[in-house]
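We name chains A, B, ... by the order of the sequence lines, and we start the count at 1 in each one. The figures here come from the full heavy-atom set of this structure, side chains too, leaving out hydrogens, waters and symmetry mates.
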Amino acid sequence: MTKLTRDFYNRPTLEVAQALLGKVLVFDNYHAIITETEAYIGLDDPACHAHKGRTKRTEVMFGPAGYSYVYLIYGMYHCLNFITEEEGIAAGVLIRGAKLITEPYLNLNGPGKLCKFLQITKHHNCIDIVESDNFYVIDQNVTPIFKATPRIGIKKGIDKLWRFESIT
DNA sequence: ACCCCGATCGTA
DNA sequence: ACGATCGGGGTT
């Protein structure tokens with residue numbers, strides 16, 4: 001049960017997105033095993049928020065790995081991402097699903113549902129999850145089998161198989 | 001200042 | 001299949 005270090009996040013995003021499956025998200029008193037992720041990678045990925053360049057919202061995506069990126073979508077839901085790759089490369093992993101392994105053992109299947117339950121909001125944007133003591137990810141040495149599919153809910157970039165889902 | 005769109009979800 | 005709901009980004 002070791003906390004993931006910056007080196008874990010500071011590498012190719014597809015590797016991180018796959019490696020996050022089976023890891024445990026710790027947020028306040030909740031522990032949830034990550035079951036579904038998506039990669040969003042840089043200026044060449046039309047589905048990536050930062051693909052048109054730096055804005056106030058996407059600023060954190062250009063920063064160093066190991067930070068949170070939380071944004072509001074559809075005016076109603078928040079989505080949680082972890083920033084990957086070296087500073088200057090705008091990339092991250094969307095946490096689409098996780099199962100609580102503490103009470104009340106809910107399956108938080110969906111990025112909006114996950115943030116709603118954990119009460120993650122834009123106030124949790126740009127937090128260093130390597131240094132935080134109530135918002136981080138740990139390795140419990142579980143390596144699930146997973147499948148790769150197109151990302152959900154996007155219109156551009158559906159040709160990429162950048163969504164990863166545990167099947168064990 | 002205005003307009004359009006969106007990395008969703010629950011209901012039908 | 002569809003509506004709820006509103007911030008961000010591009011345009012004027």
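When distances run from any side-chain atom of Pro111(A) to the nucleotides dT8(B), dG6(B), dG7(C), the shortest one goes to dT8(B). With dA4(C), dA7(B), dG7(C) as the candidates, the nucleotide lying closest to the side chain of Met76(A) is dA4(C).
When the shell of 6.0 Å around CD1 of Ile145(A) is examined, it contains 12 or fewer heavy atoms from other residues, nucleotides or ligands. By the 6.0 Å contact criterion, NZ on Lys99(A) is open, its count of non-hydrogen atoms from other residues, nucleotides or ligands being 12 or less. The local environment of CG in Asn141(A) is sparse, with at most 12 non-hydrogen atoms from other residues, nucleotides or ligands closer than 6.0 Å. When the shell of 6.0 Å around CG of Asp44(A) is examined, it contains 12 or fewer heavy atoms from other residues, nucleotides or ligands.
Helical stems in DNA chain C, defined as runs of 3 or more consecutive Watson-Crick or G-U wobble pairs with both donor-acceptor distances under 3.5 Å, are listed by first residue as B:1-6 with C:6-11, B:8-11 with C:1-4.
As a whole-Å value, the separation of Phe117(A) CZ from dC9(B) P is 15 Å. Separating the NE2 atom of His78(A) from the C1' atom of dG8(C) is a distance of 14 Å, rounded to the nearest angstrom. One can place CD1 of Ile73(A) at 18 Å from P of dG3(C), the figure rounded to the nearest angstrom. To the nearest angstrom, C1' of dT5(C) lies 10 Å from OH of Tyr77(A). Taking atom CG of residue Leu80(A) and atom P of nucleotide dT8(B), one finds them 14 Å apart after rounding to whole Å. Taking atom OH of residue Tyr71(A) and atom P of nucleotide dC6(C), one finds them 18 Å apart after rounding to whole Å. Regarding Leu72(A), its CG atom lies at a distance of 18 Å from the P atom of dC5(B), rounded to whole Å. We find that CG of Asn109(A) is positioned 8 Å from P of dG10(B), with the value rounded to whole Å.
When atom types are taken as modelled, the side chain of Arg163(A) and the backbone of Ile152(A) share no donor-acceptor pair closer than 3.5 angstrom.
Contact annotation: Arg96(A) side-chain N/O to dT8(B) OP1/OP2 distance is under 4.0 Å. At dG8(C), none of the side-chain N or O atoms of His49(A) fall inside 4.0 Å of OP1 or OP2 (strictly under the cut-off). Residue Lys122(A) has a polar side-chain atom (N or O) positioned under 4.0 Å from OP1 or OP2 of dG8(C).
Counting any heavy atom pair closer than 4.0 Å across all strands shown, Gly75(A) reaches a base atom. Across all strands, Lys113(A) comes closer than 4.0 Å only to sugar-phosphate atoms, never to a base (heavy-atom distances).
Near-neighbour residues of DNA chain B inside residues 51-59 of chain A, defined by a heavy atom below 4.0 Å, are absent.
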request  = Begin from the C-alpha positions of Ile101(A) and Tyr30(A) and carry the test side chain to side chain contact (heavy atoms under 4.5 Å, CB included) through to its verdict.
outcome  = CA-CA 8 Å; Ile101(A) 54 176; Tyr30(A) 294 111; over 6 Å; no

request  = Mind running side chain to side chain contact (heavy atoms under 4.5 Å, CB included) on Leu114(A) and Phe27(A) for me, showing each step along the way?
outcome  = CA-CA 11 Å; Leu114(A) 185 145; Phe27(A) 187 81; over 6 Å; no

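Considering Arg151(A), Lys160(A), Lys52(A) in turn, Arg151(A) is the only one that fulfils the salt bridge (charged side-chain N to carboxylate O under 4.0 Å, His left out) rule with Asp45(A).
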Anything under 3.5 Å between a donor and an acceptor, one on a side chain of residues 67-75 of chain A, the other on a protein residue two or more places apart or in another chain? List them.
{"from": "Ser68(A)", "atom 1": "OG", "to": "His124(A)", "atom 2": "O", "distance (Å)": "2.7"}
{"from": "Ser68(A)", "atom 1": "OG", "to": "Cys126(A)", "atom 2": "N", "distance (Å)": "3.2"}
{"from": "Ser68(A)", "atom 1": "OG", "to": "Ile127(A)", "atom 2": "N", "distance (Å)": "2.8"}
{"from": "Tyr69(A)", "atom 1": "OH", "to": "His49(A)", "atom 2": "ND1", "distance (Å)": "2.7"}

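Side-chain atoms of Tyr74(A) and base atoms of dA4(C) include no donor and acceptor less than 3.5 Å apart.
For Arg6(A) and Tyr9(A), the positive end is not near the middle of the six-membered ring at less than 6.0 Å and at most 45° from its axis.
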